[in-house]
Structure formats: C-alpha cells, structure tokens
Protein chains: 2
Amino acid sequence: MDSADDSSLGPLTEDGQSAGFLDDGKNTIGSQLASRLREAIISGELEAGSKINLDKARKTFNVSLSPLREGLARLISDGLVEFQDNRGYRVAPISLANLEEVTSLREELEVFALRESMRLGDVEWEGNIMRALHRLNRTERDAARPETLEQWEALHREFHLTLISGCGKPLLLHFCSLLLNLNDRYRRVFLIRTSGDRNVGQEHSEIAQGAVARDVDYACEKLRQHIHRTGTNLRNHLATKGIE
Amino acid sequence: MDSADDSSLGPLTEDGQSAGFLDDGKNTIGSQLASRLREAIISGELEAGSKINLDKARKTFNVSLSPLREGLARLISDGLVEFQDNRGYRVAPISLANLEEVTSLREELEVFALRESMRLGDVEWEGNIMRALHRLNRTERDAARPETLEQWEALHREFHLTLISGCGKPLLLHFCSLLLNLNDRYRRVFLIRTSGDRNVGQEHSEIAQGAVARDVDYACEKLRQHIHRTGTNLRNHLATKGIE
DNA sequence: GCTTGACAGATAATCGATTATTTTTGTATT
DNA sequence: AATACAAAAATAATCGATTATCTGTCAAGC
C-alpha cells in the first residue's frame, strides 16, 4: 500500500528532543511526537510522499488522535508534512524542482542573514561560531556507524544556524531553519558522501573565518558557493536514483 | 483579564473562506475556524498579544476543542498565533521590531520573487497582473464603510501575490504570503490613510507596467520603494500610538 | 514582614467513543 | 468489457468527559 513504512518506529520514550537547545522537560505528548516524527522524516525513516495513516500511527506510537494531529500540525509548519481536508496527512514529497528551490532560497536567505549577522553580530556571536566550527570539524562522519551521521548532521545544522544567529531577525531565522531541515532531508535520504573535489571542512572554516573577520563579500560568497555546491551534489544523486 | 476580546465574534457560519481562491466546499470545521480566526486577527478584532482562552473560544464558536486546536495550529504556521506547551495560545504580538523585520524581509523576498517572475512568467501571468491591477485601482477605500476596506485589502493582497505568482517557487510564495499577512495586520490595525505625499494607485501601476514590460531594474526598484514607504508610513503610526 | 508550601480553581492536554467523509468493492446495466 | 451506481469498509473529523498541569491565594513558619 501507500502507507509510510513505520515498522521500525517504536513507541514514545521520555527523552524529549535531542539537539543543543534547552529542554524545559515539560513537554507534552504532542511535542514529543513532533520531534520524533521530524527526525523520522528527515532521516528518511518515513518515506517521502507516503501517506500517514492516523490509525496505524496512533497504534505505533501508543497515543490518541489528539496529540498525533497536534504533532503533525507542527510538521506542516516545517514543510515536512502536507495536509488536505478530509484526506489526511502525507510526508512531503521530494523532487528535483523542490531541491532546486530549497537550494536557491538558501543561497538567497542564508546569505542575506549572514550579511545581516556580520553587520550586527557581537563578540559572543563570533565566539559561538568558532565553537560550532570546532565541534563540527572534530566530528568524523563514518557511513558505517549511523550514530556518527546523526551527530554530524546535528552539528552541521547547528553550525549553519549559528552563522546567521546574529542577524536579529527571528522570522528570517525561522525560514532558514525550515530550509535547512528540507535540505538535510535530501542529504540524509541520499546518504551523500561529498564528491572528491570538495573539502567541506575547509569550506566551513573559510566561511567562519571570513565571518568573524567581518569580510562581508568574502564570507557571503564562500557561503553561497558552499550552498550551491551542496545543491549540485545532491542533484546528481537525485538524478542517479531517477527522481525528477 | 488578559483574554482576547472576542465579544463580537459570532459562531461559525457555512461561508468558508472569502478571497479569490477556489473553494472545494468540503471544508472541515477546523478549516473554517482557521479562516475565521485569521481574519479576526488580521483585522484586529482579536487584539495582538492577547491570550486565547480555549474554553471561552470553544463556547464563542460553538465547537469542540479538537477543531479549535486544529485551526489555531494553522495560524501558527502563518505567524499569527504563538504557542507554548501547557500554556496555550496567544495572538502574535506586534512591535516596532517585528514591523521592521517584516518590511525588510518583504523588500528582500518579494523583490526576489518579482525578479524571478519576470524571468519566468508567461503571458497569462502578465494578464493576471493587469487584471489584478485594474480591479484594485477601481476599488475605493472609504474609511467610513468597513466593507470597502476589507474589499480593498483583499484585492491589494491579491495584486501583490499575483505580481510574484510567476516565480515558480512554491516555498517562496508561501513565505511572501505569510509576510503579507503580517504586514496587512499592521495596516488594518492602524487603519492607515496613506500619507499625503503618496499616490499608492500610481505606485501599483508603475510596478505592474514595469513588470509586464520586463524592465527588471525599474519594476524591482519601484516595488522595493513601495514596500519601504509602506513600512515607514506604518512605523510612524506605530510610534504615534506609543508602541515600541 | 517576607518567604515557602499546600490547596483550590482555572486552564490545557489527552483519551475513547461517535459521527462524517472518502475510498473500495461488488453488482447490475448498457 | 466498460460504466455507473450502491453498499460496505476504511479513514478522517469531531465530540464530551477525564486527566494533567499551571496559577493564584492563603496560611504557616521563619
């Protein structure tokens, strides 16, 4: 059938969300579900485009409809789930067109946000960048061990968000965070190894150093190229798998 | 108390949503609520920053919690409602900083979308612009008659969305639509008359004509100025009312 | 007088059951 | 065989009641 393969999705545990943000520990079931589902979608555990059967999901996660809908509603804001009245939810599909839009918008918005951050960011912002860079570059990605991939993805996301965190524009940050989610899904679904002619670690370093040195043109151009190369790389992998 | 003043909000009627988009008529209560609440927030009927008491709202609209939460969840995606676990919903607050961000992002995103539309848009896109422009310029705004204001707002929104509708980037359109919502709320809450030195009708005409003539630099600059002036205008009104 | 903690009322979250809608299946008709 | 329709099954939406959490109040202790 068309249903998402959720066979490996266990019931909810009490861990809440994982990544670096402070967790007030008072999460509702709906919140936990949102985190759990977000990770399941971004990691590819739930297949892109597949229908989400509420009844099955309810049983899988051992929850009632209310928090399930609650959680799914949040993923709609994230662009990871689509919804139609009386027809339910489905995992947002992937496509070449979507990937290209995500890449194009990242080039536009992330670069704009970086420019603004360089204009407004303070010393703490600079420090946060250097820390995020260091942690990222110290983490090895080993395709054989999935937990290192997850770890790397989290730190990579953190790095990109930190870069632009000084821009003072909450809405813009929200948009960028959303685009990053969508982008990361492509990378994780296609389990990309960076192509031979790239040294991603160095690319990150150049961006970061340009940023803290306030060399606006340099840093922005490096970031734009970084995003663009990732897009090209992913596009090739998509083409290989025959996705249009 | 802190609760939104919903005294004038009646129970749900079966009208569905109003503006020019095709309505499949099969809307759920949650959908209708979302439209109803969106309009209530943008029009200022629900005060910015006020708490939304679920129980009162439930009684006001004569619905159960489930569709109420459903509707509110959608407004979160729209940036019109904020939510915190176990602490409920509140109408998104307004502030000078938020207005400035909205203006700034509109300048960035709408102009980008217009540029892309001019690159990709076809003759139908051009036609849609001219129609939207004509309908907008034919509609008078009379502060004495609220229905003309609503009408004008709907057509104005339609015009701006049509301008950028040729860009071929659904996500970008979504962002712009969201920003337009936020922007329109400021205008409607502050019931702006355009300042004397502006002829908004002419501004719209210039943008539209530049767009269909494919004079990229001209049209984009006119649009940017148009957005910027609106921002400045609104900022002054905000300052007058003592909002920071 | 000020803080702390227990209680009560208010509010939000969740559940299980019911209702509405869609989708599938089977059958009769052309 | 293809189409159209009707009944049945599957699925989504909603409801009313229950449970969990939060917030304000008041009294006891310092």
Side-chain angles (χ1 to χ4, degrees), chain A residues 1-6 11-14 16-17 23-37 46 49-77 81-92, chain B residues 1-6 11-17 23-37 46-47 49-77 81-92:
Chain A
M1 250 277 139
D2 200 11
S3 269
D5 172 14
D6 49 13
L12 240 47
T13 54
E14 76 290 357
Q17 60 214 86
D23 185 317
D24 51 4
K26 300 165 192 170
N27 285 351
T28 60
I29 298 179
S31 280
Q32 295 174 246
L33 264 175
S35 302
R36 187 87 182 67
L37 286 166
L46 288 177
S50 63
K51 194 162 182 344
I52 298 171
N53 182 308
L54 291 176
D55 217 44
K56 285 178 193 155
R58 189 176 65 66
K59 284 164 187 157
T60 303
F61 291 108
N62 242 23
V63 297
S64 184
L65 269 335
S66 326
L68 184 55
R69 288 174 148 271
E70 195 84 26
L72 286 167
R74 301 204 199 167
L75 297 188
I76 294 174
S77 317
V81 164
E82 292 182 349
F83 172 81
Q84 244 192 319
D85 270 353
N86 285 320
R87 229 154 286 185
Y89 306 83
R90 68 173 54 236
V91 181
Chain B
M1 248 276 142
D2 201 10
S3 269
D5 172 14
D6 49 12
L12 239 47
T13 54
E14 77 288 359
D15 55 15
Q17 57 214 87
D23 186 317
D24 52 4
K26 299 164 190 169
N27 285 351
T28 60
I29 298 179
S31 281
Q32 296 174 246
L33 264 176
S35 303
R36 187 86 182 66
L37 286 167
L46 288 177
E47 191 191 354
S50 63
K51 193 161 185 344
I52 297 171
N53 182 307
L54 291 177
D55 217 44
K56 285 178 192 155
R58 189 176 65 67
K59 285 165 186 158
T60 304
F61 291 106
N62 243 22
V63 297
S64 184
L65 269 334
S66 325
L68 184 56
R69 287 173 148 271
E70 197 83 25
L72 286 167
R74 300 203 199 168
L75 298 187
I76 294 173
S77 317
V81 164
E82 293 182 349
F83 171 81
Q84 245 192 318
D85 271 353
N86 286 319
R87 229 154 286 186
Y89 306 82
R90 67 173 55 235
V91 181

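The shown structure was predicted, so the numbers you read here are calculated from the model rather than taken from an experiment. All chains are named by letter (A, B, ...) in the order of the sequence lines, taking the proteins before the strands, and each is independently numbered beginning at 1.
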What is the distance, rounded to the nearest whole Å, between atom [atom1] of [X] and atom [atom2] of [N]?
| X | N | atom1 | atom2 | value |
| --- | --- | --- | --- | --- |
| A/L54 | D/dT14 | CG | C1' | 13 Å |
| A/Q84 | D/dT11 | CD | P | 17 Å |
| B/N86 | C/dA10 | CG | C1' | 14 Å |
| A/I29 | C/dG16 | CD1 | C1' | 14 Å |
| A/L72 | D/dT11 | CG | P | 16 Å |
| B/R58 | D/dC15 | CZ | P | 10 Å |
| A/K59 | D/dA12 | NZ | P | 12 Å |
| A/D55 | C/dA17 | CG | P | 13 Å |

#### Entry: B/L68 versus B/A57, closest heavy-atom pair with distance
CD2-CB, 3.8 Å
### Task
Compare every heavy atom of B/A73 with every heavy atom of A/A73, then report the nearest pair and how far apart it is.
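Looking at all heavy atoms of both residues, the shortest contact is CB-CB, 3.6 Å.
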Heavy atoms from C-beta onward define the side chain here; which of [options] lies closest to that of [X]?
| X | options | answer |
| --- | --- | --- |
| A/T28 | D/dT14, C/dT14, C/dA12 | C/dT14 |
| B/S64 | D/dG16, C/dT11, C/dT14 | D/dG16 |
| A/R87 | D/dC22, D/dC15, C/dT22 | C/dT22 |
| B/S66 | D/dC15, D/dT23, C/dT14 | D/dC15 |
| B/L65 | D/dA17, C/dA12, D/dA12 | D/dA17 |

#### Entry: Phosphate-side-chain proximity, B/N53 and C/dT11, N/O vs OP1/OP2 below 4.0 Å
yes
### Message
If the cut-off is 4.0 Å, is A/K51 near the phosphate of C/dT23, judged by side-chain N/O to OP1 or OP2?
### Response
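For A/K51, the contact criterion (side-chain N or O under 4.0 Å from OP1 or OP2 of C/dT23) is not met.
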### Query
Any sub-3.5 Å donor-acceptor pair from B/R90's side-chain atoms to B/G49's backbone N or O?
yes
### Task
Quick one: list whatever passes side-chain contact (heavy atoms from CB on, under 4.5 Å) with A/I76, sequence neighbours left out.
A/V81, A/F83, A/Y89
### Task
Under the side chain to side chain donor-acceptor pair (under 3.5 Å) rule, collect the residues that match up with B/S77, sequence neighbours excluded.
A/S77
